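The structure appears right after this line, and notes come after that.
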Amino acid sequence: MYVDLHCHLLPGIDDGARDLAQSLAMARIAVADGIRTTVVTPHHLNGVYVNRANDIQAALVSLREALIAEGIALKVLPGCELHLVPELPDQLANGEAMTLANKGKAVLVELPVHTVPMGSEHILEQILSQGLTPIIAHPERNSQLRQDPEILAEWVAMGCLGQITAQSCTGQFGPQVKESARDMVSRGLIHIIASDAHRDRRRVPEISGGEAAVRRWTNRQTAELLARVFPQRLAEGDTVETGLLMDALPRRRVSWWRQLVG
Ligand SMILES: [Fe+2]
């Protein structure tokens, strides 16, 4: 059973589900893939969408009622995909920005598609100093991180986590993104597989394909940590023991990572 930590399931508030019918169709796909809990993660502060914590909670109540009425056995929790902008630490401090599952422990943060803006690391440090763990959303889809994964390695060494998109692992975003996904997973820079679903077609809420790919690239134990164990722990507000990942990964890669983080 899966917990999906990244899914644009709430209807009509970002570029995810257009309406409630599409949300319900997505929820059925999720359940069929073995997802039992979904953290809804609308965009916030990405220059287009603003979704404050209170708005997300209110929208979630309606979706929950609809899921129950339709008999769809999917638990939904509040969350947000927070753009990494200078005002984010203040918004987290005053409760305007939603943490993962509203647990006040971890936050899902996204970068622009192509760049890592100046000051990104400083914002991550500020978030870490608030006692929150930043989860970097789909670094394999950011052009600069693909070219220079050392940047991601430094952030992971600081205490950040990496989230890979399941469809990146199965090639839906092209061969370069897939290869980068494989490289980041193999280096121990990725801790979570999530769907980042937006629709009931093409960008759908499925995790199983990503887990299978990671299993082929590494081993069963690593794939289970990324697809099942770590997402569940984070949704419950628990910490992730990255040492488990280092122990699980094929040894050749682990030694590389240990050298890096000292
Ligand atoms: Fe997303």
Side-chain angles (χ1 to χ4, degrees), residues 2-18 22-23 26-27 29-30 33 35 37-53 55-56 59-60 63 74 76-85 88 91 97-102 106-117 120 124 127 133-146 152 160-170 172-174 177 180-181 184 190-207 209-210 226-227 230-231 234-235:
Y2 301 116
V3 175
D4 190 1
L5 295 188
H6 187 165
C7 183
H8 298 262
L9 188 65
L10 284 178
I13 65 170
D14 69 352
D15 57 348
R18 282 194 203 92
Q22 193 165 63
S23 296
M26 289 170 71
I29 292 168
D33 194 55
I35 296 169
T37 302
T38 293
V39 179
V40 301
T41 53
H43 293 285
H44 181 53
L45 299 175
N46 70 344
V48 182
Y49 301 107
V50 172
N51 284 297
R52 295 184 180 87
D55 303 328
I56 294 166
L60 197 61
L63 177 60
L74 183 70
V76 285
L77 300 174
C80 197
E81 184 171 14
L82 303 157
H83 211 72
L84 201 62
V85 291
L88 181 56
Q91 287 209 4
M98 173 68 80
T99 60
L100 191 84
N102 200 23
V107 287
L108 182 69
V109 298
E110 69 167 343
L111 294 155
V113 176
H114 294 297
T115 61
V116 175
S120 294
L124 291 171
I127 295 171
T133 300
I135 302 171
I136 312 297
H138 40 66
E140 80 283 5
R141 285 161 50 201
N142 175 282
S143 308
Q144 193 171 340
L145 292 179
R146 269 204 307 281
L152 178 64
C160 299
L161 302 175
Q163 173 258 306
I164 211 162
T165 298
Q167 290 190 335
S168 297
C169 305
T170 51
Q172 270 94 331
F173 291 97
V177 170
S180 179
M184 290 174 178
I190 299 298
H191 308 81
I192 296 135
I193 306 171
S195 77
D196 191 14
H198 282 65
R199 292 278 185 270
D200 58 343
R201 289 182 194 178
R202 291 201 298 276
R203 294 192 67 182
V204 297
E206 291 177 345
I207 293 177
L226 270 53
F230 288 167
L234 288 161

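Remember, it's 1-based here, ligands and their atoms both numbered in the order they're listed. One is the number of the first residue; the rest follow in order along the sequence. These numbers were taken from a predicted model, which means no experiment stands behind them.
The backbone N or O of T115 lies less than 3.5 Å from a partner atom in the side chain of N142, making a donor-acceptor pair.
At least one side-chain heavy atom of L74 sits under 4.5 Å from a side-chain heavy atom of I35.
Tested against H44 for a side-chain hydrogen bond (donor to acceptor under 3.5 Å, both in side chains), the candidates Q91, H83, E110, R52 yield a single pass: Q91.
Ring geometry for H43 versus H198: interplanar angle of 30 to 60°, hence tilted.
The count of protein N, O or S atoms under 2.8 Å from the Fe ion (ligand 1) stands at 4, with waters excluded from the count.
Listed by chain and residue number, D196 satisfy the salt bridge (charged side-chain N to carboxylate O under 4.0 Å, His left out) test with R203 (two or more places apart in sequence, or in another chain).
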Steps toward side chain to side chain donor-acceptor pair (under 3.5 Å) verdict (T170, Q172): CA-CA 6 Å; T170 51; Q172 270 94 331; 2.4 Å; yes
